[in-house]
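Worksheet: the structure to be examined is printed underneath.
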Amino acid sequence: MRLPWYRLLSLAALTAVTALGGPTACGGHGTYVKTDQAALGRVVVYRNGIAYYERRARVQGDTLDLTVPNDKVDDFLKSLTVTDARTGKALPVSFPTRPATESSTVEMTIQLPSPGPHDLVLTYIIDAPAWKPSYRVMVQDDGQVELEGWAIVDNTSGEDWNGVRVGVGSSSALSFRYDLRSVRSVHRELLGHQEQFAVAPPKGGAVHQDQARNTQLLAEVADLDIPRPPGHPDAPARPAPVDEEAARPAPASRARPGKQRESRGAGFADKAEARTRHDQLQAQRAAEAQRQQRLKAMAAAINQRGGNVVIEGFADPGEPDPMGRALDRANTLKNHLVQNGVSPARLQVVARGAVAGQRAGVRVVEEPLDPQAASAAKVDESGRPVGESHFESQTALTVKRGTSAMVSMVDITADGAVVYLYDAEADRGSDRFAFRAVRLRNPTESTLESGPVTFYGDGRFIGEGLTDPIPPRATAVIPFALDRQVVVEKDATSGDRISRLVTLQRGVLTAEVQHARKTKLKLTNRLHKPATVYVRHTVRKGWTLTRNPKLFERLGEAHLFEVALKPGETTTVEIEEATPLVRTLDLRSDVGVELVRVWLEAPGEQGVVAEQLRKLLAHWNEIGNHEQAIDSLRERVAEYRTRVDELHGQILSLKAAKAGGELMRHLQKKMEEVSSRIQKATIDIVDHQQKVMLARIRFQDGVAELSLADRTAKAP
């Protein structure tokens with residue numbers, strides 16, 4: 001049977017031997033465990049920097065001599081086992097006690113219980129270079145792939161491996177160095193019978209840090225530097241919108257002497273007022289941009305640090321409701337940090353109230369994890385299963401010292417197919433296109449370690465990829481090419497919706513809102529055949545998925561959402577996640593009213609409070625309808641006045657030309673009709689203004705009387 005060219009290449013790689021450069025790599029005297037009585041039979045190299053050696057010896061006398069390198073004695077003593085091959089009993093080991101600097105090697109003698117012959121098995125571990133995995137995947141059209149895995153092993157032990165069974169492995173087992181060679185002396189204190197006549201007090205000192213809380217100040221924000229969102233009672237009033245053209249000063253070349261007296265009249269006052277409002281608006285925008293920039297820098301600094309963050313709110317002495325005001329300031333800053341990418345799970349809000357020597361504002365402090373918790377967090381940051389693996393060659397190999405060999409680990413058929421992976425989160429990901437990838441299932445009972453993967457298809461090379469560790473029987477998606485056949489248009493938005501009412505006082509509502517982030521992806525398949533796309537999306541701690549495609553699986557901490565596309569099809573996928581925040585809203589603002597409106601539209605919102613809020617919304621809608629009618633009437637009056645000015649000019653022109661007759665009478669009649677319309681529209685405006693005033697009074701009265709005494713309103 002004739003094998004494909006890539007199979008011949010892989011089989012040839014088994015016998016490939018590479019020389020390791022450098023005198024140290026080639027080994028020499030004092031680099032490996034030596035004995036003339038024990039032959040090396042098995043070597044297993046692990047990924048955590050150690051290698052397992054197994055030797056067999058036939059001893060005729062009652063001793064077995066070993067020479068161990070000085071720098072490997074600790075590992076050797078820590079792991080050495082000497083067993084009688086026939087009885088299975090462990091045998092004692094003796095060795096001389098010397099300072100480690102006297103010799104480069106240590107002579108050890110295994111004392112046997114009786115003269116030989118004895119068949120012994122020696123096992124031990126010493127440090128060794130980690131092996132390196134490499135994979136090949138041959139793509140087929142029947143829903144399967146050919147998977148080959150190779151381990152590159154470096155023999156730096158200093159001795160030849162002749163006819164040795166070589167294996168590789170990895171596990172979650174820990175590995176470390178421990179001093180067992182040195183002689184340890186224990187210091188004991190000398191005690192006497194001295195009488196003690198006086199006892200001195202301990203020395204006092206100043207406290208420089210709160211040891212109980214173990215906090216570190218990260219930032220301090222004054223009350224005026226906390227940006228309030230629209231709808232907040234303390235949000236600064238925005239200047240009325242201005243006409244940019246009217247606010248811009250006229251160039252000197254356009255100024256005409258005939259217009260000087262007009263510029264000193266009402267027109268000049270209007271332009272000056274417009275310029276003043278324009279300058280105020282620009283200054284407010286600049287100040288708000290600076291505050292937002294400082295918050296972004298603060299959020300970036302918090303993300304770079306570890307540990308939990310506490311946001312402490314403070315109030316001025318004598319300020320009404322100091323705890324409530326302090327809590328509101330802390331919650332407002334927390335909302336901004338969350339919107340700038342800080343995980344909500346790391347943020348904790350605390351109201352300190354009025355504290356002597358502390359002005360109104362917010363302090364951001366860090367509470368780092370205790371050393372044990374911090375070390376535990378560093379052990380397993382990703383949460384991915386590690387698993388174990390063990391592969392061993394079925395035939396004995398010969399690997400000369402200072403060379404490397406490729407050991408076959410896997411050669412098996414696995415379930416797999418070509419798919420597409422959209423990954424905009426990775427460092428080398430694409431925000432515009434999906435990668436061509438292979439989705440395969442690990443059919444073995446061992447973990448396939450992280451390494452490079454070479455892909456073949458139709459007898460040719462089609463790409464390369466890099467995989468994370470694949471646990472036993474788990475599925476992996478490995479990208480290998482970017483053909484730009486699946487195009488993605490991404491649109492991200494965010495918004496709030498009320499989930500629970502907390503407090504309501506004099507029109508100021510404190511509510512728990514769901515801050516939602518919505519990602520809308522428009523996927524287009526430009527291929528002439530169906531394509532399956534997996535969308536990678538990571539949900540950070542503190543956030544919860546509220547809307548997503550139904551079919552998905554996990555990829556580490558991320559989700560993989562499956563989207564099936566027909567040839568030439570375009571579909572839209574929505575992924576929404578939310579986190580709870582606390583916001584303070586003014587019910588008399590547009591933002592507050594709209595959030596309450598959305599909350600009332602949710603099913604199941606009943607009770608006295610909900611009914612009162614619906615009545616307030618009815619008054620608010622009445623105000624909006626009348627104000628809209630007023631704006632429409634004013635626009636109509638402006639058009640009428642323009643028409644009256646045109647008719648007046650035409651009539652004056654006819655009088656100056658002493659021409660008139662029927663045309664003059666027609667224009668005068670038309671001007672009377674337009675003037676009547678202006679008068680009627682003006683009366684209607686006044687009528688609507690009166691209705692707006694009455695509706696606004698009813699709305700404000702209802703807001704003042706509204707409270708949460710009846711707690712029957714529930715979250716949607």
Side-chain angles (χ1 to χ4, degrees), residues 1-20 40-48 50-54 128-140 144-157 160-171 387-416 438 440-457 459 461-474 476 478 480:
M1 182 180 66
R2 185 175 182 180
L3 295 176
W5 65 272
Y6 51 82
R7 300 283 288 178
L8 293 175
L9 177 64
S10 299
L11 291 175
L14 176 62
T15 59
V17 179
T18 305
L20 300 176
L40 183 63
R42 184 164 170 252
V43 177
V44 181
V45 183
Y46 288 88
R47 295 268 286 174
N48 54 0
I50 62 172
Y52 168 86
Y53 288 80
E54 181 180 304
W131 62 275
K132 303 171 285 288
S134 179
Y135 303 96
R136 292 98 172 101
V137 174
M138 279 64 75
V139 179
Q140 301 176 1
Q144 291 185 327
V145 297
E146 292 293 329
L147 174 63
E148 293 183 2
W150 300 86
I152 300 176
V153 179
D154 305 316
N155 181 7
T156 61
S157 65
D160 295 338
W161 297 347
N162 295 317
V164 176
R165 291 180 58 189
V166 179
V168 294
S170 66
S171 70
E388 297 185 356
S389 62
H390 186 88
F391 304 98
E392 192 166 332
S393 61
Q394 300 301 317
T395 58
L397 303 178
T398 297
V399 184
K400 297 295 183 180
R401 59 181 177 176
T403 63
S404 300
M406 295 181 65
V407 181
S408 177
M409 297 187 300
V410 179
D411 187 2
I412 196 171
T413 300
D415 296 334
V438 165
L440 60 87
R441 183 171 180 265
N442 178 8
T444 70
E445 297 296 336
S446 296
T447 297
L448 300 180
E449 290 294 322
S450 174
V453 186
T454 304
F455 293 91
Y456 299 97
F461 165 78
I462 59 175
E464 288 183 323
L466 188 66
T467 177
D468 287 333
I470 309 175
R473 307 296 177 180
I478 310 170
F480 63 86

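Reckoned from all heavy atoms, side chains included, excluding hydrogens, waters and symmetry mates. Since the structure is predicted, the reported quantities are computational estimates derived from the model, not experimental observations.
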Do side-chain atoms of Asp415 reach the backbone of Gln144 as a donor and acceptor pair under 3.5 angstrom? no
Test item: Ser393 side-chain N/O and Val166 main-chain N/O as donor-acceptor pair under 3.5 Å: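 Yes, because the side chain of Ser393 sits within donor-acceptor range (under 3.5 Å) of the backbone of Val166.
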Closest approach of [X] and [Y], non-hydrogen atoms and distance?
X      : Y      : answer
Ser450 : Thr467 : OG-O, 2.8 Å
Gly463 : Phe461 : O-CE1, 3.2 Å
Pro443 : Ile412 : CG-CG2, 3.7 Å
Pro133 : Met409 : CB-CE, 4.4 Å
Leu466 : Pro452 : CD1-N, 3.6 Å
Leu40  : Tyr53  : CD1-CD2, 3.6 Å

So does Glu449 pair up with Lys132, basic N to acidic O under 4.0 Å?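 Result for this pair is no, no salt bridge flagged.
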Is a side-chain donor-acceptor pair under 3.5 Å present for Ser404 with Asp154? yes
side-chain contact (heavy atoms from CB on, under 4.5 Å) between Tyr456 and Glu146, worked out: CA-CA 10 Å; Tyr456 299 97; Glu146 292 293 329; over 6 Å; no
Should [X] and [Y] count as side-chain neighbours, where that means a heavy-atom distance under 4.5 Å?
X      : Y      : answer
Val44  : Trp131 : no
Val139 : Val438 : yes
Ile462 : Phe480 : yes
Val43  : Asn155 : no

Please report the interatomic distance [atom1]([X]) to [atom2]([Y]), rounded to the nearest 0.5 Å.
X      : Y      : atom1 : atom2 : result
Ile478 : Tyr135 : CD1   : OH    : 9.0 Å
Phe391 : Leu448 : CZ    : CG    : 5.5 Å
Thr444 : Ile470 : OG1   : CD1   : 9.0 Å
Leu397 : Arg165 : CG    : CZ    : 10.5 Å
Asp411 : Arg136 : CG    : CZ    : 11.0 Å

List the steps and the verdict of side-chain contact (heavy atoms from CB on, under 4.5 Å) for Glu464 and Val453. CA-CA 6 Å; Glu464 288 183 323; Val453 186; over 6 Å; no
Please test Val153 against Val168 for side-chain contact (heavy atoms from CB on, under 4.5 Å), starting from the C-alpha separation and ending with a verdict. CA-CA 8 Å; Val153 179; Val168 294; 3.6 Å; yes
Between Tyr46 and His390, how do the two ring planes meet: parallel, tilted or perpendicular, split at 30° and 60°? tilted
